[in-house]
Amino acid sequence: MELYINKFNLKYTLESGQFFRYAQKGEWYYCHERDKTFKIKQKENTLEFYGTTREHITKLFGLYSEYEKITKTLSKDPILKKAIRQFNGLRVMQRDPWETTINFQCSTASNIKKIQLNMNKLAEHFGKDARFENETAHLFPEPGQINNLEKIKKCSTGFRAKYIHAVNKLVDDNFFEQLKRKNYIEAKQELVKLPGIGSKVADCICLFSLGKTEAFPVDIWIERIMQQNYFDNKKVSHKEIIEFANTKWGKNAGYAQQFLYHWGRNR
DNA sequence: CGTCAGGTAGCCA
DNA sequence: TGGCTACCTGAC
């Protein structure tokens with residue numbers, strides 16, 4: 001299947017730390033998202049993919065957003081202007097909230113490689129098997145299915161295992177549907193009540209899966225980037241950074257974060 | 001072989 | 001609110 005696209009870069013979007021279950025094979029990216037397995041490649045303004053629908057691709061890769069409007073507004077900021085020029089086509093994805101929650105619970109005090117390992121192992125141990133191109137693909141387990149603490153530990157999750165185990169019991173798809181209907185502040189408040197989920201992870205869930213475009217996840221990288229570029233190298237609290245981003249970029253803060261993060265790490 | 005990493009929770013001033 | 005520290009384990 002094909003999809004005509006504009007102002008989109010698959011590589012930047014997929015490799016910018018918002019999505020983890022993918023593997024590059026030649027010109028194709030083999031991707032897994034919840035119960036979907038598909039492969040996708042980009043050739044200029046065309047996306048070619050197999051294994052899923054146009055609707056899914058459009059939503060997952062944030063292709064419905066008013067990208068030109070957002071980037072134009074953000075480009076008033078000279079630093080973002082550079083970042084946007086360098087990484088034009090980078091999008092904020094809209095993923096499955098359940099998988100995103102487990103995903104970013106795994107991210108605490110970790111790194112991209114290890115998060116990928118955790119997610120792939122969780123799918124192997126708890127998810128259903130499917131066939132894709134004559135090979136076994138592991139689907140991500142449904143809410144409620146990650147229910148064995150010892151097995152969760154076998155997925156190299158370490159001290160995060162107990163949090164994953166607890167959250168698996170506390171949420172379901174309906175919970176996330178309710179959060180989508182709430183505003184950003186309320187949704188975040190609900191999320192940080194969950195074990196193993198603090199401000200940063202909650203903001204990632206809000207931004208990457210609940211459509212809260214104003215969320216501005218502050219991790220150690222964003223902290224450094226913001227300090228260097230907007231606070232004259234002075235120490236600032238995460239709270240101050242969030243307030244600054246909110247005032248400066250409002251509903252576009254999430255996009256600003258994604259550009260700054262990618263730019264700051266790949267410069 | 002030691003150090004450290006996309007944070008969070010718990011505890012104390 | 002602000003400042004500490006422990007925490008699993010693979011990767012460098």
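Throughout, protein chains are lettered first and strands after them, A, B, ... in sequence-line order, and every chain is numbered starting at 1. In this text the structure is predicted, and so the values were computed from the model without any measurement. Side-chain atoms are counted along with the backbone in the values below, which use heavy atoms only and exclude waters and symmetry mates.
When the nearest nucleotides of DNA chain B are assigned to A:S107 and A:P195 by heavy-atom distance, the more 5′-ward of the two goes with A:S107. Summary of the strand contacts: A:L194 and A:W221 both lie near DNA chain B, and taking for each the nucleotide with the nearest heavy atom, the more 5' one is attributed to A:W221.
Taking atom NZ of A:K162 as the reference point, atom P of C:dA6 lies 15 Å away to the nearest angstrom. One atom, NZ of A:K235, and another, P of C:dC4, lie 8 Å apart when rounded to the nearest Å. Atoms CD1 (A:I242) and P (C:dT1) sit 13 Å apart, rounded to a whole Å. In this entry the distance linking CG of A:N118 with P of C:dG10 reads 9 Å, nearest Å. For the pair A:D203 CG and B:dT8 P, the computed distance is 9 Å after rounding to whole Å. Separating the NE2 atom of A:H238 from the C1' atom of B:dT8 is a distance of 12 Å, rounded to the nearest angstrom. Distance, A:F159 CZ to B:dA5 C1': 10 Å, rounded to whole Å. As rounded to whole Å, 10 Å separates atom C1' of B:dT8 from atom CD of A:Q105.
Separation of the A:H56 and A:F38 ring centroids falls under the 6.0 Å cut-off. In this structure, A:W28 has its ring center at least 6.0 angstrom away from the ring center of A:F132.
Considering only side-chain N and O atoms, A:S156 lies nowhere under 4.0 angstrom from the phosphate OP1 or OP2 of C:dT9. The phosphate of C:dT9 (OP1 or OP2) has no side-chain N or O of A:K153 nearer than 4.0 angstrom. Within the structure, a side-chain polar atom (N or O) of A:K113 is placed less than 4.0 Å from OP1 or OP2 of C:dC12.
Nucleic acid contact class of A:S199 (heavy atoms, under 4.0 Å, all strands): sugar-phosphate only. Heavy atoms of A:G196 sit under 4.0 angstrom from primed sugar atoms or phosphate atoms, though from no base atom. Across all strands, A:G158 comes closer than 4.0 Å to base atoms (heavy-atom distances).
Rounded to whole Å, the separation between the P atoms of B:dC1 and C:dC7 comes to 23 Å. When the C1' atom is compared between B:dG10 and C:dT9, the two are found 22 Å apart, to the nearest whole Å.
The only member of A:K11, A:Q258, A:H262 that meets side chain to side chain donor-acceptor pair (under 3.5 Å) when paired with A:S16 is A:Q258.
Geometrically, A:R91 engages A:Y67 in a cation-pi contact, judged by NZ or CZ lying under 6.0 Å from the ring centre and within 45° of the ring axis.
With hydrogens and angles left out, the side chain of A:R160 and the base of C:dC8 share a donor-acceptor pair within 3.5 Å. You'll find a donor-acceptor pair under 3.5 Å spanning the side chain of A:K114 and the base of C:dT9, going by distance alone.
Using the six-membered ring where Trp is involved, A:F244 and A:Y230 have ring planes that are tilted, between 30° and 60° apart.
Listed nucleotides C:dC12, B:dT8, C:dG10 differ in distance to A:L117; the shortest reach to its side chain belongs to C:dG10. Among C:dG10, B:dA9, B:dG7, the nucleotide with an atom closest to any side-chain atom of A:Y163 is B:dA9. Side-chain atoms of A:N111 lie closest to B:dA5 of the nucleotides B:dG7, B:dA5, C:dC12.
If you chain together hydrophobic residues whose side chains sit under 4.5 Å apart, A:V171 and A:F208 fall into the same group.
Shown here, C:dC8 forms no base pair; nothing in the strands shown gives a Watson-Crick or G-U wobble contact with both key distances under 3.5 Å.
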